[in-house]
Amino acid sequence: MDNIAGQNSGNRVLVNITVLVLVLLWLLPTIGLFVSSFRDREQISVSGWWQAPFSVEQNFRIRVGTDTAREEGGLFIIEGNVFDEPDLMAVFEGERAQIAAFGTRAVATAEFAAGEQVELRQGGTLRVDPDGSFRVENTEAFGARGPTIYVGALTPPRFTLANYRTVMFADGMDRAFINTLTVAIPATIIPILIAAFAAYALAWMDFPGRGLLIAAVVGLLVVPLQLALVPLLRLHTEIGIGQSFLGIWLAHTGFGLPLAVYLLRNYMVGLPRDIIEGAKVDGATDFQIFVRIILPLSFPALASFAIFQFLWTWNDLLVAKVFLPSGAASQVMTVKIADDLLGSRGGDWGILAGAAFVSIAVPLVVFFTMQRYLVRGLLAGSVK
Amino acid sequence: MPPVLQGIFTIIIGVGGCVAYFYFSNLVLDKVIFPARGPNAGRNINRANKVRPWLFLFPAMFALGLYLAYPVVGSFWRSLFDRSGNNFIGLGNYIDLFQGSTFRTAVFNNLMWVLVVPAMATFFGLLVAQLTDRLKWGNIAKSLIFMPMAISFVGASLIWRFVYAANPDIGIINALRDFFGMTTLDPLQVRFWNNFFLMFILVWIQTGFAMVILSAALRGIPEETIEAAIIDGANPFQVFFQIKVPQIMGTIVVVWTTITILVLKVFDIVYTMTGGNFGTHILPSYMMTYMFRDDGRATAVAFVIMILVLPVMIWNIRQARAEMR
């Protein structure tokens with residue numbers, strides 16, 4: 001719009017800001033997921049991902065060991081520092097943070113201010129200083145179990161790959177990843193050739209009923225998949241395929257064909273007539289024209305469709321739920337997340353974020369490297 | 001055989017089989033059935049060329065017929081039978097469905113989805129397409145808004161779970177409520193409005209699609225019409241609404257209908273976010289509650305979806321035919 005007379009710079013700033021706000025709005029949810037997937041599990045539940053770069057107040061539970069107890073003038077004493085405990089060593093890596101409050105019961109972990117001397121329920125007293133050092137005193141000898149201390153400390157931000165490790169190796173996402181790949185690649189490749197031949201016939205061969213067939217393809221483009229589920233599953237069971245990888249490849253091939261034929265025909269129709277007629281005059285058969293001229297020239301359209309079909313089969317949940325068996329051995333990632341992780345790991349946000357990111361990483365890479373073909377395909381594929 | 005090997009095997013058989021089919025069927029046609037030699041060479045070539053299109057078309061037509069055309073009839077037929085599939089009950093499944101309140105909620109919600117999602121996605125898409133048109137970083141902005149298109153509906157649902165979570169330390173909505181001193185609530189359990197929160201996930205995904213197509217359409221508008229309007233003193237809004245929008249109306253309709261069809265098929269979002277609870281069922285998700293349990297009901301719901309898609313289908317076919325003439 002910058003060619004509009006009287007346009008002022010204020011307007012342009014406004015446009016820039018509006019677009020920036022929209023982009024941020026569109027990007028924020030994904031960034032949230034991405035950041036969360038790298039955060040420590042404990043920290044996710046105490047502060048939002050937008051606070052990830054900052055320290056958070058986190059609670060720790062320490063069971064005081066009694067083996068270091070000593071007797072001093074009739075008093076039994078245990079001294080130590082909470083930051084020397086293994087749990088805290090792992091988090092703080094030997095650094096000492098400030099303790100603001102501590103507690104002796106799980107229900108009130110910040111009951112007392114640091115430095116206060118408090119009575120223990122099992123007898124004796126406890127003091128935790130701001131620097132983390134604590135001192136337990138009792139007039140009687142300690143048993144095998146020492147008192148439990150809860151401390152809240154400002155914990156530095158922690159980023160780990162632990163969520164990914166858990167998801168991949170403990171929750172079986174690696175298996176699901178391979179299954180998804182196994183479904184997506186044949187289901188992308190097989191329809192291409194079938195569709196390309198049909199598209200060539202619909203674009204460049206003259207025969208009665210061609211218009212009707214093209215109309216039928218346009219019609220089938222919008223048939224809801226839901227209709228196909230029950231009859232086809234029954235058909236697959238009757239001919240012995242049942243719920244299997246072979247079944248889902250066939251199903252995806254069938255469901256992807258209308259778009260493939262439509263996209264490719266639209267593209268092939270636009271190829272220059274001279275080349276094809278020239279080849280015919282020179283005595284080339286239709287088969288030769290197709291293989292030597294049409295296929296190489298149609299590469300952009302083939303790539304567009306391949307990307308579409310790959311994204312669609314990779315991201316699909318419905319077809320996988322119906323045409324694949326439901327066991328872990330053949331679960332794809334979408335099914336794994338929707339049916340398995342959301343149920344068993346529903347509250348485990350770090351795991352969910354990691355799983356989601358594993359499942360969307362490949363499509364994102366495909367998307368950003370091949371966006372050009374995707375856009376071209378979209379422009380050709382929507383019914384004009 | 002492990003599935004990966006089976007996959008490689010299938011690719012080889014599938015692609016090899018395809019190539020072999022096309023190659024040998026052409027060969028047989030040209031050399032054996034109608035050989036281009038002897039006394040009838042000329043007639044044979046013509047005959048072969050009459051048959052050849054069908055050779056090219058056969059695999060695709062067979063697959064399309066089996067996987068998309070037959071199910072329309074097959075599903076309708078199955079929906080006339082009861083759960084066991086043995087007893088013909090006419091429209092019994094449909095009558096039962098329409099008497100159920102969940103089904104009516106699903107139909108109502110689905111109609112809301114069909115109205116809201118295409119409208120919002122097209123609106124945002126048009127807005128971004130227009131605003132980024134002459135922007136220096138417009139392509140980056142478009143690329144980022146386009147990105148959700150690559151993400152699965154399940155992935156998108158998980159992403160938005162982090163936005164809607166009923167916990168001010170996870171969900172940004174509740175964090176904002178917390179900041180303004182309001183109590184935590186679960187947006188997905190707010191009756192009626194929760195549907196809109198789910199719809200927005202699809203809007204988030206589809207805006208990029210609308211933007212890409214509308215952006216190309218905006219670029220295709222002849223400059224002269226815009227310049228003429230500016231010389232005549234039109235302000236930017238008038239240029240946009242009275243010059244640009246009417247010229248790309250055809251494309252807007254296409255975007256709108258394409259998203260409408262998608263809306264009628266997407267069950268993943270509702271399934272992952274609420275499982276249809278709290279009054280959020282739509283027809284595709286409602287159908288899945290019957291899948292594997294009562295095929296009669298499931299196919300009946302699917303056929304209702306088909307009926308909703310039908311007007312768009314007819315319109316599409318008419319457009320395509322008009323264009324071919």
Side-chain angles (χ1 to χ4, degrees), chain A residues 1-2 4-5 15 18-19 22-23 26-27 29-30 32-33 46-48 182 186 189-190 193-195 197-198 201 205 207 215 218-220 222-228 230-232 245 249 254 257 261 286-287 311 315 317 334 337-338 349 352 356 359-360 363-364 367 375 378-379 382-383, chain B residues 3-4 6-7 10-11 14 18 22 26 52-53 56-57 59-60 63-64 67-68 71-72 74-75 78 131-132 134 141 144-145 150-152 154-155 158-160 162-163 169-170 175 212-213 216 230 236 254 258 261 265 268 272 284 287 295 298-299 302 305-306 309 313 316-317 319-321:
Chain A
M1 291 209 303
D2 54 6
I4 291 174
V15 167
T18 317
V19 175
L22 278 171
V23 168
W26 247 249
L27 213 53
T30 319
L33 180 90
V46 285
S47 77
T182 314
I189 294 176
I190 296 172
L193 256 189
I194 302 179
F197 273 96
M205 294 167 112
F207 58 92
V218 173
L220 291 179
V222 300
V223 167
L225 274 187
Q226 274 81 5
L227 274 176
V230 171
L232 284 182
F245 279 101
W249 291 323
L257 272 180
V261 174
D286 275 313
F287 188 74
L311 289 181
N315 290 338
L317 171 68
T334 46
I337 291 172
W349 295 96
L352 288 182
S359 81
I360 66 179
L364 284 184
F367 173 82
V375 169
L378 274 184
L379 292 178
S382 50
V383 184
Chain B
V4 178
Q6 209 185 330
T10 311
I11 293 178
C18 252
F22 286 115
N26 272 283
R52 203 181 323 274
F56 276 48
L57 282 168
L64 282 176
Y67 278 84
L68 285 167
V72 177
S75 267
R78 181 65 185 83
L131 291 182
T132 54
R134 300 280 161 84
L144 291 175
I145 289 185
I151 297 174
S152 62
V154 174
L158 269 190
I159 289 176
W160 282 83
F162 277 77
V163 176
D169 287 325
I170 307 274
V212 163
I213 296 193
I230 293 164
V254 167
T258 310
I261 293 191
K265 296 186 204 173
D268 318 36
T272 327
M287 183 211 166
D295 284 353
T299 45
I305 301 175
M306 179 72 210
V309 172
M313 186 194 260
N316 270 0
I317 293 175
Q319 287 300 108
R321 296 205 69 138

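In what follows, every chain begins at residue 1, and chains take the letters A, B, ... in the order their sequences are listed.
Here the side chains of B:P71 and A:L232 are in contact, with some heavy-atom distance below 4.5 Å. For the pair A:I360 and B:I159, the minimum side-chain heavy-atom distance is below 4.5 Å. Using a 4.5 Å cut-off on side-chain heavy atoms (C-beta onward), B:L57 and A:F207 make contact. Using a 4.5 Å heavy-atom cutoff, the side chains of B:I151 and A:N315 are not in contact.
Using a 4.5 Å cut-off between heavy atoms, B:N26 touches chain A through its side chain atoms alone. A:L220 touches chain B through backbone and side chain together, each having a heavy atom under 4.5 Å away. For B:R52, the parts sitting under 4.5 Å from any heavy atom of chain A are the backbone and the side chain alike. Looking at B:V309, the atoms closer than 4.5 Å to chain A (heavy atoms on both sides) all sit in the side chain, from C-beta outward. With a 4.5 Å cut-off on non-hydrogen atoms, A:W349 touches chain B through its backbone and its side chain both.
Nearest heavy-atom pair, B:M313 versus A:G219, reported as atom, atom and distance to 0.1 Å: CE-O, 3.1 Å. Nearest heavy atom pair, residue B:A63 against residue A:L257, reads CB-CD1, 3.4 Å. Here the closest non-hydrogen pair linking B:F162 and A:L33 is CE1-CD1, 3.8 Å. Residues A:Q226 and B:P284 share a closest heavy-atom pair of NE2-CB, 3.4 Å. Closest approach of A:V222 and B:K265 over heavy atoms only: O-CE, 4.0 Å. Residues A:V218 and B:A320 approach most closely at CG2-CB, 3.8 Å, considering heavy atoms.
Contact count against chain B (heavy-atom pairs under 4.5 Å) is highest for A:P186 among A:A201, A:S359, A:P186. Interface remark: of the candidates A:A356, A:G32, A:A198, A:A228, A:A198 forms the most heavy-atom pairs closer than 4.5 Å to chain B. The candidate with the highest count of non-hydrogen atom pairs below 4.5 Å against chain A, out of B:T132, B:L64, B:V72, B:I261, is B:L64. Top candidate by heavy-atom pairs under 4.5 Å with chain B, chosen from A:L193, A:V19, A:T334, is A:V19. When the candidates A:G254, A:P231, A:P363, A:A338 are compared by the number of heavy-atom contacts under 4.5 Å with chain B, A:P231 comes out ahead.
Interatomic distance, A:I194 CD1 to B:F56 CZ, rounded to the nearest 0.5 Å: 14.0 Å. Considering CD1 of A:I189 and CD1 of B:I11, their distance stands at 4.0 Å, rounded to 0.5 Å. Separation of atoms CG (A:L225) and CD1 (B:I305) is listed at 10.0 Å; rounding is to 0.5 Å. Note that CE of B:M287 is 7.5 Å distant from CG of A:L227, once rounded to the nearest 0.5 Å.
Between A:F197 and B:F22, the angle of the ring planes stays under 30°, which puts this pair in the parallel group of the 30/60° scheme.
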